[in-house]
Asks: 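Below is a structure I'd like to ask you about.
Both backbone and side-chain heavy atoms feed into the values below; hydrogens, waters and symmetry mates do not. The chains referred to below are lettered A, B, ... by the order of the sequence lines, with proteins before strands, and numbering in each begins at 1. Note that the structure is a prediction, hence the values are computed from the model and not measured.
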There are 2 protein chains.
Amino acid sequence: MGATKTDLFTKEQNELASMAKAIAHPARIAILQQLMKLNACVCGSLVDELGLAQPTISQHLKELKLAGIIQGTVEGTSVCYCIDPKVWQKYRQFFNDFFVAVNELAREDCC
Amino acid sequence: MGATKTDLFTKEQNELASMAKAIAHPARIAILQQLMKLNACVCGSLVDELGLAQPTISQHLKELKLAGIIQGTVEGTSVCYCIDPKVWQKYRQFFNDFFVAVNELAREDCC
DNA sequence: ATTATTAATCGTAATATTGCAATAAATTAG
DNA sequence: CTAATTTATTGCAATATTACGATTAATAAT
(Lines give C-alpha, C1' and ligand atoms only; values in the text may rest on other atoms or scores of the structure.)
Protein backbone atom coordinates (compact mmCIF):
# COMPACT_ATOMS: atom_id res chain seq x y z
CA MET A 1 0.00 0.00 0.00
CA GLY A 2 0.94 3.65 -0.13
CA ALA A 3 0.62 3.95 -3.87
CA THR A 4 -2.50 5.24 -5.59
CA LYS A 5 -4.69 2.49 -7.05
CA THR A 6 -5.04 4.02 -10.48
CA ASP A 7 -6.64 0.91 -11.95
CA LEU A 8 -9.81 1.60 -10.00
CA PHE A 9 -10.48 4.85 -11.80
CA THR A 10 -11.15 6.04 -15.31
CA LYS A 11 -8.46 7.42 -17.56
CA GLU A 12 -9.99 10.87 -17.23
CA GLN A 13 -10.08 10.77 -13.46
CA ASN A 14 -6.44 9.73 -13.32
CA GLU A 15 -5.48 12.36 -15.85
CA LEU A 16 -7.20 15.20 -14.04
CA ALA A 17 -5.69 14.07 -10.75
CA SER A 18 -2.30 13.98 -12.39
CA MET A 19 -2.77 17.48 -13.77
CA ALA A 20 -3.79 18.77 -10.37
CA LYS A 21 -0.74 17.15 -8.85
CA ALA A 22 1.48 18.94 -11.33
CA ILE A 23 0.44 22.31 -9.92
CA ALA A 24 -0.04 21.12 -6.34
CA HIS A 25 3.11 22.77 -5.06
CA PRO A 26 3.68 26.49 -4.42
CA ALA A 27 7.12 26.37 -6.03
CA ARG A 28 5.69 25.04 -9.27
CA ILE A 29 2.96 27.66 -9.18
CA ALA A 30 5.56 30.34 -8.56
CA ILE A 31 7.61 29.07 -11.49
CA LEU A 32 4.60 29.10 -13.79
CA GLN A 33 3.60 32.58 -12.64
CA GLN A 34 7.10 33.81 -13.34
CA LEU A 35 6.95 32.35 -16.84
CA MET A 36 3.55 33.95 -17.34
CA LYS A 37 4.66 37.31 -16.02
CA LEU A 38 7.70 37.56 -18.23
CA ASN A 39 5.69 36.06 -21.06
CA ALA A 40 8.80 34.63 -22.60
CA CYS A 41 11.48 32.08 -22.29
CA VAL A 42 13.25 32.31 -19.00
CA CYS A 43 16.87 31.35 -19.08
CA GLY A 44 18.27 30.82 -15.62
CA SER A 45 17.16 33.45 -13.12
CA LEU A 46 14.49 31.16 -11.71
CA VAL A 47 16.89 29.99 -9.03
CA ASP A 48 17.51 33.58 -7.95
CA GLU A 49 13.82 34.43 -7.73
CA LEU A 50 12.66 31.56 -5.56
CA GLY A 51 14.49 30.78 -2.36
CA LEU A 52 15.05 27.12 -3.10
CA ALA A 53 18.30 25.39 -3.96
CA GLN A 54 19.20 24.80 -7.58
CA PRO A 55 18.68 21.02 -7.55
CA THR A 56 15.26 21.48 -5.99
CA ILE A 57 14.14 23.89 -8.67
CA SER A 58 15.60 21.69 -11.35
CA GLN A 59 13.47 18.87 -10.03
CA HIS A 60 10.30 20.97 -10.05
CA LEU A 61 11.08 22.07 -13.61
CA LYS A 62 11.51 18.43 -14.53
CA GLU A 63 8.06 17.62 -13.18
CA LEU A 64 6.45 20.48 -15.03
CA LYS A 65 8.24 19.36 -18.18
CA LEU A 66 7.08 15.80 -17.61
CA ALA A 67 3.53 17.08 -17.24
CA GLY A 68 4.01 18.84 -20.56
CA ILE A 69 3.15 22.31 -19.24
CA ILE A 70 6.55 23.78 -20.00
CA GLN A 71 9.19 23.32 -22.63
CA GLY A 72 12.91 23.68 -22.20
CA THR A 73 15.38 24.44 -24.94
CA VAL A 74 19.11 24.55 -24.51
CA GLU A 75 20.52 27.98 -25.24
CA GLY A 76 24.24 27.98 -24.75
CA THR A 77 25.15 27.10 -21.21
CA SER A 78 21.69 27.83 -19.93
CA VAL A 79 18.27 26.33 -20.60
CA CYS A 80 15.29 28.44 -21.55
CA TYR A 81 11.89 27.50 -20.28
CA CYS A 82 8.50 28.63 -21.43
CA ILE A 83 4.89 27.58 -21.09
CA ASP A 84 3.44 25.38 -23.79
CA PRO A 85 0.26 27.28 -24.75
CA LYS A 86 -1.43 24.20 -26.16
CA VAL A 87 -1.03 22.12 -23.04
CA TRP A 88 -1.93 25.12 -20.96
CA GLN A 89 -5.20 25.41 -22.84
CA LYS A 90 -5.87 21.75 -22.25
CA TYR A 91 -5.37 22.25 -18.52
CA ARG A 92 -7.65 25.24 -18.56
CA GLN A 93 -10.31 23.26 -20.37
CA PHE A 94 -10.08 20.22 -18.12
CA PHE A 95 -10.31 22.16 -14.90
CA ASN A 96 -13.07 24.35 -16.21
CA ASP A 97 -15.11 21.38 -17.39
CA PHE A 98 -14.69 19.77 -14.03
CA PHE A 99 -15.77 22.78 -12.03
CA VAL A 100 -18.50 24.06 -14.30
CA ALA A 101 -20.80 21.12 -13.71
CA VAL A 102 -22.03 22.16 -10.28
CA ASN A 103 -22.58 25.72 -11.29
CA GLU A 104 -25.50 24.88 -13.53
CA LEU A 105 -27.45 22.96 -10.96
CA ALA A 106 -27.67 25.19 -7.96
CA ARG A 107 -29.06 23.16 -5.13
CA GLU A 108 -29.71 25.15 -2.03
CA ASP A 109 -32.08 22.57 -0.64
CA CYS A 110 -29.41 20.14 0.39
CA CYS A 111 -28.14 18.96 3.77
CA MET B 1 13.59 18.29 4.48
CA GLY B 2 10.66 16.49 2.94
CA ALA B 3 8.17 19.16 3.91
CA THR B 4 7.15 21.99 1.62
CA LYS B 5 8.74 25.32 2.48
CA THR B 6 5.55 27.32 2.54
CA ASP B 7 7.21 30.38 4.06
CA LEU B 8 9.00 31.05 0.78
CA PHE B 9 5.78 31.63 -1.11
CA THR B 10 2.85 33.99 -1.03
CA LYS B 11 -0.40 33.17 0.68
CA GLU B 12 -2.08 32.88 -2.70
CA GLN B 13 0.50 30.52 -4.08
CA ASN B 14 0.20 28.28 -1.07
CA GLU B 15 -3.57 28.42 -1.20
CA LEU B 16 -3.81 27.50 -4.85
CA ALA B 17 -1.31 24.68 -4.36
CA SER B 18 -3.38 23.47 -1.44
CA MET B 19 -6.54 23.55 -3.52
CA ALA B 20 -4.87 21.62 -6.31
CA LYS B 21 -3.68 19.06 -3.80
CA ALA B 22 -7.23 18.57 -2.57
CA ILE B 23 -8.29 17.28 -5.98
CA ALA B 24 -4.98 15.65 -6.85
CA HIS B 25 -6.20 12.12 -6.32
CA PRO B 26 -8.50 10.11 -8.60
CA ALA B 27 -10.54 8.83 -5.66
CA ARG B 28 -11.34 12.36 -4.54
CA ILE B 29 -12.24 13.34 -8.09
CA ALA B 30 -14.45 10.27 -8.35
CA ILE B 31 -16.15 11.20 -5.08
CA LEU B 32 -16.78 14.75 -6.23
CA GLN B 33 -18.09 13.55 -9.60
CA GLN B 34 -20.46 11.22 -7.82
CA LEU B 35 -21.74 14.07 -5.68
CA MET B 36 -22.13 16.21 -8.80
CA LYS B 37 -23.90 13.49 -10.75
CA LEU B 38 -26.46 12.77 -8.09
CA ASN B 39 -26.70 16.47 -7.38
CA ALA B 40 -27.68 15.80 -3.82
CA CYS B 41 -26.55 14.55 -0.52
CA VAL B 42 -25.03 11.13 -0.71
CA CYS B 43 -25.55 8.99 2.30
CA GLY B 44 -23.27 6.00 2.32
CA SER B 45 -23.11 4.27 -1.07
CA LEU B 46 -19.78 5.94 -1.83
CA VAL B 47 -17.94 2.93 -0.48
CA ASP B 48 -19.85 0.62 -2.81
CA GLU B 49 -19.20 2.73 -5.88
CA LEU B 50 -15.44 3.06 -5.59
CA GLY B 51 -13.35 -0.02 -5.03
CA LEU B 52 -11.51 1.26 -2.00
CA ALA B 53 -11.90 0.16 1.59
CA GLN B 54 -14.15 2.08 3.93
CA PRO B 55 -11.38 3.64 6.05
CA THR B 56 -9.63 4.82 2.91
CA ILE B 57 -12.71 6.56 1.58
CA SER B 58 -13.42 8.02 4.96
CA GLN B 59 -9.96 9.50 4.91
CA HIS B 60 -10.46 11.03 1.46
CA LEU B 61 -13.80 12.46 2.58
CA LYS B 62 -12.05 13.95 5.57
CA GLU B 63 -9.54 15.69 3.33
CA LEU B 64 -12.26 17.08 1.10
CA LYS B 65 -14.11 18.25 4.17
CA LEU B 66 -10.94 19.84 5.52
CA ALA B 67 -10.49 21.62 2.20
CA GLY B 68 -14.06 22.87 2.60
CA ILE B 69 -15.29 21.48 -0.72
CA ILE B 70 -17.83 19.16 0.84
CA GLN B 71 -20.09 19.19 3.86
CA GLY B 72 -21.18 16.22 5.90
CA THR B 73 -24.25 16.03 8.06
CA VAL B 74 -25.21 13.14 10.26
CA GLU B 75 -28.46 11.52 9.20
CA GLY B 76 -29.28 8.63 11.44
CA THR B 77 -26.60 5.99 11.28
CA SER B 78 -25.19 7.33 8.05
CA VAL B 79 -23.58 10.62 7.08
CA CYS B 80 -24.74 12.62 4.10
CA TYR B 81 -22.21 14.46 2.01
CA CYS B 82 -22.71 17.19 -0.53
CA ILE B 83 -20.66 19.78 -2.34
CA ASP B 84 -20.49 23.25 -0.84
CA PRO B 85 -21.47 25.45 -3.82
CA LYS B 86 -19.76 28.53 -2.40
CA VAL B 87 -16.39 26.90 -1.94
CA TRP B 88 -16.79 25.16 -5.26
CA GLN B 89 -17.25 28.56 -6.91
CA LYS B 90 -14.14 29.81 -5.20
CA TYR B 91 -12.16 26.88 -6.56
CA ARG B 92 -13.55 27.49 -10.03
CA GLN B 93 -12.57 31.13 -9.80
CA PHE B 94 -9.08 30.50 -8.51
CA PHE B 95 -8.19 27.93 -11.14
CA ASN B 96 -9.73 29.97 -13.89
CA ASP B 97 -7.85 33.10 -12.87
CA PHE B 98 -4.65 31.13 -12.80
CA PHE B 99 -5.05 29.58 -16.21
CA VAL B 100 -6.60 32.51 -18.01
CA ALA B 101 -3.48 34.65 -17.84
CA VAL B 102 -1.54 32.93 -20.59
CA ASN B 103 -4.48 32.80 -22.94
CA GLU B 104 -4.50 36.53 -23.49
CA LEU B 105 -0.88 36.83 -24.48
CA ALA B 106 -0.36 34.30 -27.19
CA ARG B 107 3.33 34.05 -27.84
CA GLU B 108 4.17 31.83 -30.73
CA ASP B 109 7.58 33.36 -31.14
CA CYS B 110 9.09 31.66 -28.15
CA CYS B 111 11.74 28.96 -27.78
C1' DA C 1 -30.06 -3.71 27.18
C1' DT C 2 -28.58 -6.12 22.99
C1' DT C 3 -27.71 -6.25 18.41
C1' DA C 4 -27.08 -4.30 13.81
C1' DT C 5 -25.49 -0.66 10.85
C1' DT C 6 -22.58 2.91 9.41
C1' DA C 7 -18.80 6.05 9.67
C1' DA C 8 -14.60 7.67 12.13
C1' DT C 9 -10.25 6.80 14.25
C1' DC C 10 -5.97 4.32 15.38
C1' DG C 11 -1.98 2.02 14.14
C1' DT C 12 0.99 0.60 10.80
C1' DA C 13 3.18 -0.62 6.33
C1' DA C 14 4.28 0.78 1.71
C1' DT C 15 5.18 4.26 -1.36
C1' DA C 16 5.72 9.15 -2.88
C1' DT C 17 7.34 13.79 -2.40
C1' DT C 18 10.36 17.41 -1.02
C1' DG C 19 14.81 19.30 -0.37
C1' DC C 20 19.65 19.66 -0.75
C1' DA C 21 24.82 18.57 -0.76
C1' DA C 22 27.85 16.54 -3.83
C1' DT C 23 28.80 15.38 -8.23
C1' DA C 24 28.38 14.96 -13.15
C1' DA C 25 27.32 16.67 -17.77
C1' DA C 26 27.21 20.11 -21.31
C1' DT C 27 28.50 24.23 -23.38
C1' DT C 28 31.27 28.57 -23.83
C1' DA C 29 35.30 31.44 -23.34
C1' DG C 30 40.01 32.02 -23.21
C1' DC D 1 42.92 21.78 -23.60
C1' DT D 2 41.57 24.27 -19.35
C1' DA D 3 38.71 26.95 -16.69
C1' DA D 4 34.15 28.98 -15.95
C1' DT D 5 29.18 28.75 -16.07
C1' DT D 6 24.89 26.61 -15.87
C1' DT D 7 21.77 22.79 -15.47
C1' DA D 8 20.93 17.81 -14.57
C1' DT D 9 21.59 13.76 -11.89
C1' DT D 10 22.67 10.97 -7.86
C1' DG D 11 22.11 9.70 -3.22
C1' DC D 12 20.10 10.31 0.87
C1' DA D 13 17.27 12.09 4.86
C1' DA D 14 12.92 13.96 6.38
C1' DT D 15 8.25 14.27 5.81
C1' DA D 16 3.75 13.33 3.51
C1' DT D 17 0.43 10.42 1.35
C1' DT D 18 -2.11 6.29 0.46
C1' DA D 19 -4.24 2.18 1.93
C1' DC D 20 -6.33 -0.96 5.03
C1' DG D 21 -7.17 -4.21 9.17
C1' DA D 22 -8.75 -3.67 13.69
C1' DT D 23 -11.19 -1.08 16.66
C1' DT D 24 -14.13 2.49 18.41
C1' DA D 25 -18.12 5.67 18.38
C1' DA D 26 -22.74 6.78 17.36
C1' DT D 27 -27.26 5.89 16.30
C1' DA D 28 -31.32 2.78 15.12
C1' DA D 29 -33.99 -1.22 15.58
C1' DT D 30 -35.57 -5.06 18.22
Asks: Tabulated below should be each protein N or O lying under 3.5 Å from an N or O of nucleotides 11-14 of chain D; please produce it.
Replies:
unit_1 : atom_1 : unit_2 : atom_2 : d
D:dA14 : O4'    : B:Met1 : O      : 3.2
D:dA14 : N3     : B:Met1 : O      : 3.3

Asks: Find out whether A:Thr73 and A:Val79 are in side-chain contact, i.e. whether some heavy atom of one side chain is under 4.5 Å from a heavy atom of the other.
Replies: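 The answer is no, as the side chains (C-beta and beyond) never meet within the 4.5 Å cut-off.
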Asks: Could you tell me the separation between the CG atom of A:Asp7 and the P atom of D:dT18, rounded to a whole number of Å?
Replies: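 To the nearest whole Å, that distance equals 16 Å.
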Asks: Does anything in residues 11-24 of chain A pair up under salt bridge (Lys or Arg N to Asp or Glu O under 4.0 Å), and if so which pairs, sequence neighbours excluded?
Replies: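 Passing the test, one end in residues 11-24 of chain A: A:Glu15-A:Lys90.
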Asks: With sequence neighbours left out, what residues match A:Ser58 under side-chain contact (heavy atoms from CB on, under 4.5 Å)?
Replies: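 A:Ser58 satisfies side-chain contact (heavy atoms from CB on, under 4.5 Å) with A:Gln54 only.
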Asks: Rounded at 0.5 Å granularity, tell me how far CD1 in B:Ile57 sits from CD in B:Glu49.
Replies: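 Answer rounded to 0.5 Å: 9.5 Å.
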Asks: Starting at atom CD of A:Glu63, determine the distance to atom P of D:dA8, rounded to an integer number of angstrom.
Replies: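 Distance check: A:Glu63 CD to D:dA8 P gives 13 Å.
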Asks: Side-chain N or O of B:Ser58 less than 4.0 angstrom from OP1 or OP2 on C:dA8?
Replies: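 So the side chain of B:Ser58 is within the cut-off, an N or O lying under 4.0 Å from OP1 or OP2 of C:dA8.
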Asks: Starting from P on C:dA8, measure out to CG on B:Leu61 and report it in whole angstrom.
Replies: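 In whole Å, C:dA8 P and B:Leu61 CG are 6 Å from each other.
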Asks: Under 4.0 Å: is that the gap between some side-chain N or O of B:Tyr81 and OP1 or OP2 of C:dT6?
Replies: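 No, outside the criterion.
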Asks: Restricting both atoms to N or O, compile the protein contacts to nucleotides 28-30 of chain D shorter than 3.5 Å, with distance only.
Replies:
none

Asks: Can you check whether A:Ile70 reaches A:Leu32 side chain to side chain, under 4.5 Å on heavy atoms?
Replies: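 Answer yes - side chains close enough.
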Asks: Rounded to whole angstrom units, what separation is found between the NZ atom of A:Lys5 and the C1' atom of D:dT17?
Replies: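 For the pair A:Lys5 NZ and D:dT17 C1', the rounded distance is 15 Å.
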Asks: What parts of residues 19-29 of chain B reach DNA chain D, counting only heavy atoms under 4.0 Å away?
Replies: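 Only B:Lys21, B:His25, B:Arg28 qualify.
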Asks: Under the rule for side-chain contact (heavy atoms from CB on, under 4.5 Å), what residues qualify as partners of B:Leu16, not counting sequence neighbours?
Replies: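 Here the qualifying residues are A:Ile29, B:Phe94, B:Phe95, B:Phe98.
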Asks: Toward the 5' end of DNA chain C, which comes first, B:Lys65 or A:His60, by nearest nucleotide?
Replies: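 So the residue in question is B:Lys65.
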Asks: Any ring-ring contact (aromatic ring centres under 6.0 Å, His included) pairs touching residues 5-27 of chain A, not counting sequence neighbours?
Replies: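 Sorted pair list: A:His25-A:His60.
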Asks: To the nearest angstrom, how far is B:Ile70 atom CD1 from C:dA7 atom P?
Replies: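 The distance from CD1 of B:Ile70 to P of C:dA7 comes to 12 Å, rounded to the nearest Å.
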Asks: For A:Pro26 versus B:Thr4, what's the shortest heavy-atom pair and its separation?
Replies: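 Residues A:Pro26 and B:Thr4, closest heavy atoms: CG-CG2, 3.7 Å.
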Asks: Which side-chain N or O atoms in residues 61-68 of chain B pair as donor and acceptor under 3.5 Å with protein atoms at least two apart or in another chain?
Replies:
unit_1  : atom_1 : unit_2  : atom_2 : d
B:Glu63 : OE1    : B:Arg28 : NH1    : 3.2

Asks: Take atom CG of A:Leu46 and atom C1' of D:dA8, then tell me their distance rounded to the nearest Å.
Replies: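 Answer to the nearest Å: 15 Å.
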Asks: Taking the side chain as everything from C-beta on, heavy atoms only, tell me whether A:Ile69 gets closer than 4.5 Å to A:Met19.
Replies: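 Side-chain contact under 4.5 Å: no.
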Asks: Excluding sequence neighbours, so at least two apart, what forms side chain to side chain donor-acceptor pair (under 3.5 Å) with B:Thr10?
Replies: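 With sequence neighbours excluded, B:Thr10 shows a side chain to side chain donor-acceptor pair (under 3.5 Å) to B:Gln13, given in chain and number order.
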Asks: Does the side chain of A:Lys62 get closer than 4.0 angstrom to OP1 or OP2 of D:dT7 through an N or O atom?
Replies: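 No, A:Lys62 has no side-chain N/O under 4.0 Å of OP1/OP2 on D:dT7.
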Asks: Give me the residues of residues 48-56 of chain A where at least one heavy atom lies under 4.0 Å from an atom of DNA chain C, by number, or none.
Replies: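 Within residues 48-56 of chain A, the residues near DNA chain C are A:Leu52, A:Ala53, A:Pro55, A:Thr56.
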Asks: Applying side-chain contact (heavy atoms from CB on, under 4.5 Å), can you list everything that pairs with B:Ala3, at least two apart in sequence or on another chain?
Replies: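 B:Ala3 satisfies side-chain contact (heavy atoms from CB on, under 4.5 Å) with no residue once adjacent residues are dropped.
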Asks: Checking A:Gln93 now: which residues fulfil side-chain contact (heavy atoms from CB on, under 4.5 Å) with it, not counting sequence neighbours?
Replies: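 Partners of A:Gln93 by the side-chain contact (heavy atoms from CB on, under 4.5 Å) criterion, ordered by chain and then number, come out as A:Asp97.
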Asks: Does any N or O in the side chain of A:Trp88 come within less than 3.5 Å of the main-chain N or O of B:Phe99, such that one atom is a donor and the other an acceptor?
Replies: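 Pair found, side chain donor or acceptor close to backbone of B:Phe99.
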